[in-house]
Structure formats: structure tokens, C-alpha cells
Amino acid sequence: MRNRMIAGNWKMNKSYSEGVVLAQGLARELEGGTGDVDVVVCPPTVDLKGVATVIEQESAPFSLGAQNAYFEESGAYTGETAPSMLTDIGATYCIIGHSERRGYFGETDEDINKKAKALMAHGIVPISCCGESLEVREAGKHVEFVVDQIRKDTEGLVIDDPSKYVVAYEPIWAIGTGKTATADDAQEVCGAIRKTLAEVFGQEVADGIRVLYGGSAKPENVAGFLEKEDVDGALVGGASLKADSFAAMVKAAM
Ligand code: 13P
């Protein structure tokens, strides 16, 4: 049985003080609890400590995630953040392999695989992103493309507890465009992802790994995705920047 997950990726939005206000608003919206739904908030790095403090002070029912981390332990890597630094401030999740990091910052599947290993060694749950471009989709090669990403991103990973590894399928053409994939499009690829995870880790582990959909997910459409067998939640960009719309998505998943 997989608990559903709603995760918010604030991307490069919200200053430290704005982030504190948003986290406080979300804590208020969700003060009745989130049932069996795991909720994760991923602010920019400089906001992490502020959001961690809000979570602690308000006993807020959501977990803290980073948007990126480096795979080395420490050292001369200017501008980077080590997994141990995230653990130290209370982050328990970290997005890796987002298409914006792959596209703008040249991250490769090999980097993403190393990041997953480094994070897991520190007890941080990776939310590992995959997804195809419009060009790949129009060529009808989307399933093949995503399966290849999954194989490379998971190579050599050891997963004892399947709740400690999360995959997010985010078709690039649906991110921030208002163009959503249909629930059937999401199921086609999320189903193929689970089948690949079963080939890599065995069926039992694959059945416990959450596979999220991301790309213009919002309160009005999230329920349709969640009805699908292999879609276990959403990774939310724009709609996570307002406490009421993000909370509405959590409530739709409960
Ligand atoms: P939007 O929800 O803004 O389309 O962003 C999706 C996303 O990239 C989440 O990581």
C-alpha cells in the first residue's frame, strides 16, 4: 500500500521572509492534518531553515525538501550544498534531476544517479524526476525515453524501504505551460515506470515506490490523475506558491 504524496516545488520563488509567510499559511490551512497523504514542501535553499523553523514551531503536518544537492560530502564545490547539510537543518526529501536542472545546468543521468546514492546514504529521500520533451513525445518515443532515464538514474541503487525513494514523471511540455498531460497520458508513462522499477528492484519494491505526476497540476485536475492506478500523487510547481491552492490539492488527495 502506497501513501499518496503531494509535493510542492517552489522553484526560484519566495524570498526568505516570503517563504516563512507561505509556510505559516500552509500550516494554518492544514492544521486539521493530512490523513494518509505525505506532504512535502521544497523551497529554495536559502529558505530551508526558515521553513524548518515554521514546521517545528507550528507542528505543521508537512516535511521539508530541498530542490537540489551535490553528491560530494564536503570540500571545494563553490555554491553547492551537501546532503549532510540538508539533514542538519531538518530536510528529509530532495528533488533531483528536475528537467530545469537537466536543461539549464547540464545535469546528466550519471549526476542524478550519484546524487540519489549520496542522499540515500544520509537518509534523505530523493524525489527523482524524469520526463520527455515535446519533440520526443511527438515522435512517439516518450515511453522508451523515460524508461531509459529510469534505468540510468536507478543504476546500482539499493532500496530496502520503498517509501524512501520517489519518482516524479514530469513531461517537459506540460511544465509551467498550462498544458497538462491527460490522466491517461500520465498513467501510460507512470505504469511503464513502475514496470521498469519492478525489473530493476523486484515487484514488491516497485509496488511500494511512489510515482508522482507533475506538469500544470492544480486543484481542478489533480483528482483525475490520482484516480489512475500508477499515479500516487503530484509534484506541483505554480499551484504550490499559494497556501490555499496547494492545501486544496492535499485535500483532494485525502
Ligand atoms: P508547474 O506545476 O508550474 O507546471 O511545474 C511543475 C514542476 O516542474 C514541478 O516540479
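All ligand and atom numbering here is 1-based and tracks the order in the structure. The basis for the numbers below is simple: all heavy atoms, side chains too, and nothing from hydrogens, waters or symmetry mates.
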Revision key, fill the gap. Which of V20, V41, L26, V21 passes side-chain contact (heavy atoms from CB on, under 4.5 Å) with V54? Answer is V20
**Study point:** For P171, the option from E132, K179, H142 that meets side-chain contact (heavy atoms from CB on, under 4.5 Å)
**Key:**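 Only one option passes, and that is E132.
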Check your understanding: Hey, is N9 touching ligand 1 through its side chain, its backbone, both or neither, going by heavy atoms under 4.0 Å?
Key ->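 The answer is the side chain of N9.
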Review point. Of all heavy-atom pairs between L157 and A116, which one has the smallest distance, and what is that distance?
Key: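 Shortest heavy-atom contact: CD2-CB, 4.0 Å.
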Check your understanding: What do you reckon, is CG of D244 surrounded by more than 12 foreign heavy atoms closer than 6.0 Å?
Key -> yes
Name the closest protein heavy atom to [atom], giving the residue it belongs to and the distance to 0.1 Å.
atom                   : answer
atom 9 (C) of ligand 1 : E170 OE2, 2.9 Å
atom 3 (O) of ligand 1 : G238 N, 2.8 Å
atom 5 (O) of ligand 1 : K11 NZ, 3.3 Å
atom 2 (O) of ligand 1 : G237 N, 2.9 Å

Review point. Non-hydrogen atoms of G176 versus ligand 1: any pair closer than 4.0 Å?
Key: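 Contact present.
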Review point. If you measure from each heavy atom of S216 to ligand 1, is any distance below 4.0 Å?
Key: yes
Check your understanding: What orientation do Y77 and Y70 show, parallel under 30°, tilted 30 to 60°, or perpendicular over 60°?
Key ->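 Tilted.
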Review point. Donor-acceptor pair, Q187 side chain versus D230 backbone, under 3.5 Å?
Key: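 Checked: pair present.
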